[in-house]
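Each remark here refers to the structure printed beneath this line.
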Amino acid sequence: MAKLTVFFKNKAIHSSLFEHGIIHIGRDETNDLTIDSLAVAPAHAAIVIRDSEYIIKQLNDEFPLIINGKPVKACNLSNNDIISLGKHEIIFNTTEFVESSQAENLIDEDVKLLNREIDNEIHTPAANLQIMNGNNIGKILQLKKSMTRLGHNGSGVIAISRRKDGYFVSVLENSGTITVNNEPLNDKSLKLNTNDVLVVDNTSLQFFLN
């Protein structure tokens with residue numbers, strides 16, 4: 001599965017998941033991933049998903065395809081590759097998830113025990129957080145356990161609980177400003193939806209389901 005996150009001026013504006021086939025990228029609305037910019041060709045590029053390979057190809061010679069700062073006609077994509085189309089950037093990820101040191105997973109022993117006891121009883125789809133800013137931008141943290149703690153003491157700590165009816169975030173330590181979609185979380189417990197953006201310790205994290 002491929003996840004493509006579109007950035008404009010270092011701000012994430014859209015993300016999409018693709019499981020198989022050919023992903024068409026361009027300005028025209030008929031594309032699988034549409035980027036509304038005159039710097040992007042109507043049909044700019046295509047990503048071919050073939051087994052465990054992800055091959056991107058340029059479709060228009062008049063509109064360059066830049067991968068990690070270098071122009072290419074075609075190449076294999078790897079996790080966290082940056083696809084530049086005009087002033088837009090797309091960060092590519094596969095399901096080979098990378099845990100980020102910036103979004104440190106602080107799971108206590110009692111939480112680990114709880115995970116072992118109830119993990120088999122929960123059938124909620126797996127979920128993930130993608131880092132949207134800083135040095136680790138684009139990296140993904142997979143939420144595998146029934147409860148995950150994120151953040152640092154003194155800067156704010158949250159807990160994300162995996163329940164039968166979804167994923168819920170709550171504040172454990174509100175030393176800093178903790179928000180969901182720019183709204184303070186405070187003492188509430190909030191159900192997360194795909195593309196919700198959490199900010200903890202000045203780190204932006206986008207939530208999405210597999």
Side-chain angles (χ1 to χ4, degrees), residues 1-7 11-20 23 32-33 49 52 54 78-81 90-108 110-134 136-152 156-174 178-210:
M1 183 179 293
K3 182 169 193 280
L4 301 176
T5 304
V6 181
F7 288 81
K11 181 180 180 181
I13 59 174
H14 180 72
S15 63
S16 298
L17 292 171
F18 300 93
E19 190 169 356
H20 51 72
I23 307 166
D32 302 295
L33 186 63
I49 302 176
S52 60
Y54 299 83
S78 301
N79 269 322
N80 300 317
D81 277 351
I90 303 172
I91 292 182
F92 170 85
N93 281 108
T94 70
T95 50
E96 299 171 4
F97 296 100
V98 180
E99 290 194 0
S100 165
S101 59
Q102 186 176 354
E104 183 179 2
N105 190 350
L106 305 173
I107 304 178
D108 292 337
D110 57 337
V111 177
K112 290 181 181 179
L113 178 60
L114 176 63
N115 288 333
R116 288 193 293 269
E117 291 177 349
I118 68 175
D119 212 24
N120 292 332
E121 299 178 8
I122 297 178
H123 304 289
T124 307
N128 314 280
L129 294 171
Q130 183 174 35
I131 298 176
M132 310 302 281
N133 63 345
N136 292 300
I137 188 170
K139 291 188 177 180
I140 291 177
L141 172 68
Q142 191 173 24
L143 301 175
K144 297 180 180 179
K145 302 299 183 179
S146 55
M147 183 178 291
T148 303
R149 293 180 60 184
L150 299 170
H152 300 87
V157 180
I158 62 171
I160 298 178
S161 302
R162 181 182 180 187
R163 305 175 188 171
K164 291 183 178 180
D165 52 345
Y167 289 79
F168 291 79
V169 60
S170 56
V171 174
L172 297 183
E173 180 189 310
N174 200 5
I178 298 174
T179 63
V180 178
N181 299 329
N182 296 319
E183 294 293 331
L185 185 57
N186 298 324
D187 296 326
K188 297 178 291 185
S189 178
L190 184 68
K191 184 178 180 179
L192 292 172
N193 298 304
T194 294
N195 294 329
D196 280 350
V197 176
L198 297 80
V199 178
V200 183
D201 192 15
N202 295 317
T203 299
S204 296
L205 305 158
Q206 186 181 46
F207 173 86
F208 64 96
L209 295 171
N210 276 2

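Here, residue 1 is the first one in the sequence, and each next residue gets the next number.
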Derivation of the side-chain contact (heavy atoms from CB on, under 4.5 Å) call for Ile23 and Ile49: CA-CA 8 Å; Ile23 307 166; Ile49 302 176; 3.9 Å; yes
Residue pair [X] / [Y]: nearest heavy atoms and the distance that separates them:
X      : Y      : answer
Tyr167 : Arg162 : OH-NE, 3.3 Å
Gly166 : Lys191 : CA-CE, 4.2 Å
Ser204 : Val199 : OG-CG2, 3.7 Å
Asn80  : Asn93  : OD1-ND2, 3.0 Å
Ser78  : Phe92  : O-CD2, 3.2 Å
Leu209 : Ala127 : CD2-CB, 3.7 Å

Cation-pi check, Lys3 onto Phe208 ring (under 6.0 Å, within 45° of axis): yes
Pairwise distance [atom1]([X]) to [atom2]([Y]) - rounded to 0.5 angstrom:
X      : Y      : atom1 : atom2 : value
Leu141 : Leu143 : CG    : CG    : 5.5 Å
Leu150 : Thr203 : CG    : OG1   : 10.0 Å
Lys139 : Leu205 : NZ    : CG    : 13.5 Å
Tyr54  : Asn79  : OH    : CG    : 8.5 Å
Arg149 : Leu172 : CZ    : CG    : 5.5 Å
Leu198 : Met132 : CG    : CE    : 11.5 Å

Partner residues of [X] under the side-chain contact (heavy atoms from CB on, under 4.5 Å) criterion, sequence neighbours left out:
X      : result
Ser189 : Arg163, Phe168, Ser170
Asn195 : Ser15, Gln206
Leu190 : Val169, Val180, Leu185

Short side-chain to backbone donor-acceptor contact, Asp201 and Gly156, under 3.5 Å: no
Heavy-atom donor-acceptor pair, Asn133 side chain to Asn202 backbone, under 3.5 Å: yes
Pairing residues for Phe7 by the ring pair (Phe, Tyr, Trp, His ring centres under 6.0 Å) criterion, not counting sequence neighbours: none
Step-by-step side-chain contact (heavy atoms from CB on, under 4.5 Å) determination, Val157 to His152: CA-CA 6 Å; Val157 180; His152 300 87; 5.7 Å; no
side-chain hydrogen bond (donor to acceptor under 3.5 Å, both in side chains) partners for Ser16, two or more places apart: His14
Sequence-distant partners of Asp32, side-chain hydrogen bond (donor to acceptor under 3.5 Å, both in side chains), two or more places apart: His24
